[in-house]
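As structure tokens, the structure follows; a few thoughts come after it.
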There are 2 protein chains.
Amino acid sequence: MLHRIASTELPETKRKLVDAGVKLMRERGYNATTVDDICGEAGLTKGGFFHYFKSKDDIARAALTHFHEGKARDYEAAPFRKLADPLDRVFGRLDYVKESVGPKGRVTKGCLIGVFAQELAFTSPEIRDACHNFFSRIVGDFSHDLAEAKAAHASDAKFDPKAVAELYLAIVQGSLMLAKVADANEVLRDNIEQFRAYLRFLLGVTDK
Amino acid sequence: MLHRIASTELPETKRKLVDAGVKLMRERGYNATTVDDICGEAGLTKGGFFHYFKSKDDIARAALTHFHEGKARDYEAAPFRKLADPLDRVFGRLDYVKESVGPKGRVTKGCLIGVFAQELAFTSPEIRDACHNFFSRIVGDFSHDLAEAKAAHASDAKFDPKAVAELYLAIVQGSLMLAKVADANEVLRDNIEQFRAYLRFLLGVTDK
DNA sequence: CCTTACATACCGACCGGTCTGTATGTTACA
DNA sequence: TGTAACATACAGACCGGTCGGTATGTAAGG
């Protein structure tokens, strides 16, 4: 069978490999994930793997990018995006995060960017820069809404939207880490709620 | 040369190995750190290593414990401990964290507990539990001061000291991660400052 | 239409190197 | 002389990456 593919998409098999890489590396990290593991998960053998990727590093980059772009698309399509009031988008984002951690008890799978950041920041400048770049986009995206909300509702408030967005990212990443070792994601939910309270305080909001 | 050692202390060479393990694993993580690397850093060879540790896992546990106990001692001896008012201890702790990240620009070395938590939570239950345990102690320690500060200064405030301490830990750990990829620790300082503002808000404090 | 030529997708054996752990010295000191 | 504290050498497993081969498809030409 031949796979006619629109130019932007990946071939089916390559996508399977990337998905397998994302899944395994999210759990075990980069070093503990074997090329053979990925092949096994994707249902093919090493020959096939190296047909699509020239090295293990290569699929790590692809997995990282794929993971981030998937999340970026999710957030781009999330319902809170369509809200007219930037303040609603700010708090709607927090709701969305809480929803996407899944049901109570069941532990959240981690963030591949965070995993790579911790494991590879000192050993792979390229991956570190990629993580930094993706993090910056998340911060930039959120701080955009924050700046608008501030302008519209609390123009006299004195806070830096970018700094607040960085706090948000740190809370999310740190909470994911704590959730992993506690084997429970309540801590993420609770911390988001406290961040919400902090935001209400910053913006002088009493409802929401 | 024989090293007479008080019963609680480690033999000189063993301590050197643990120190080397802490140093290298903080940077590279567990999997990317080789026994030979540790030996090289400590200035001896494999024979010596396996004289003191029965496996690589073994030194990882020792390194984790040693790292935590060292930090615990630092915090136990920190100046903010001696302050009589629990509120001063709460905010004094934040100052102490900021001080201990070192001078501007120079990037902070990470937290070994955080590194292990991210890398090994899904593959080594024992290490995961150890990380969870150490994190719990940090949270317990801070929430103790928080509870006292609340009782003494804002008994009508409505917040859970343990939840706030967990937020603090998540912020610190998340910020350390962001600092690693940004190659700058300003983000940690800024986020601590925002947490301080949140605390002031919770406790109804205007000075400090 | 059939054949030749070539491309894609994948298999699985294998190689070289690395890494953990072991087995066996060797040395210094009690 | 026995034992603690190492060094040295090596075994054995594993892992990343290569390579030759195969199956399938496709396009061109006579």
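Throughout, a chain's letter reflects where its sequence line sits, starting with A, and its residues are numbered from 1.
- The aromatic rings of A:Phe201 and B:Phe201 sit parallel, their planes meeting at an angle under 30°, below the 60° perpendicular limit.
- For the pair A:Glu12 CD and C:dC10 C1', the interatomic distance rounds to 15 Å; values are reported in whole Å.
- Regarding contacts with the backbone of C:dC10, every side-chain N or O of A:His51 stays at 4.0 angstrom or more from both OP1 and OP2.
- Within the 4.0 Å cut-off from OP1 or OP2 of C:dT8, not a single side-chain nitrogen or oxygen of A:Tyr52 is found.
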Atom pairs and distances, donor-acceptor, side-chain atoms in residues 107-120 of chain B, under 3.5 Å, two or more places apart:
| residue | atom | partner | partner atom | Å |
| --- | --- | --- | --- | --- |
| B:Thr108 | OG1 | B:Asn185 | ND2 | 3.1 |
| B:Gln118 | OE1 | A:Lys180 | NZ | 3.0 |
| B:Glu119 | OE1 | B:Tyr30 | N | 2.8 |
| B:Glu119 | OE2 | B:Asn31 | N | 3.0 |
| B:Glu119 | OE2 | B:Asn31 | ND2 | 2.9 |

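- Distance from the side chain of B:Thr45 is smallest for D:dA7 among the nucleotides C:dG21, D:dC6, D:dA7.
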Name the pairs: protein N/O against N/O of nucleotides 15-19 of chain C, kept only if under 3.5 Å.
| residue | atom | partner | partner atom | Å |
| --- | --- | --- | --- | --- |
| C:dC19 | O5' | B:Thr34 | OG1 | 3.4 |

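- A salt bridge links A:Arg93 and A:Asp141; the closest N-O separation between the charged side-chain nitrogens and carboxylate oxygens is under 4.0 Å.
- Straight-line distance from the NZ atom of A:Lys54 to the P atom of D:dC19: 16 Å, rounded to whole Å.
- Judged by distance alone, the side chains of A:His66 and A:Asp19 do bring a donor and an acceptor atom under 3.5 Å apart.
- Taking atom CZ of residue A:Phe50 and atom P of nucleotide D:dG20, one finds them 16 Å apart after rounding to whole Å.
- Figure legend: cation-pi geometry between A:Lys23 and A:Phe67 absent, as NZ or CZ is not positioned both under 6.0 Å from the six-membered ring centre and within 45° of its axis.
- Between B:Glu41 and B:Lys16, none of the side-chain N atoms (NZ, or NE/NH1/NH2) sits under 4.0 Å from a carboxylate O, so this pair counts as no salt bridge.
- A:Ile38 places its CD1 atom 18 Å from the P atom of D:dC14, with the value rounded to the nearest Å.
- At whole-Å resolution of the value, CG in B:Leu17 and C1' in D:dA5 are 12 Å apart.
- Of the listed nucleotides (D:dT18, C:dT22, D:dA7), D:dA7 has the atom at the smallest distance from the side chain of B:Leu44.
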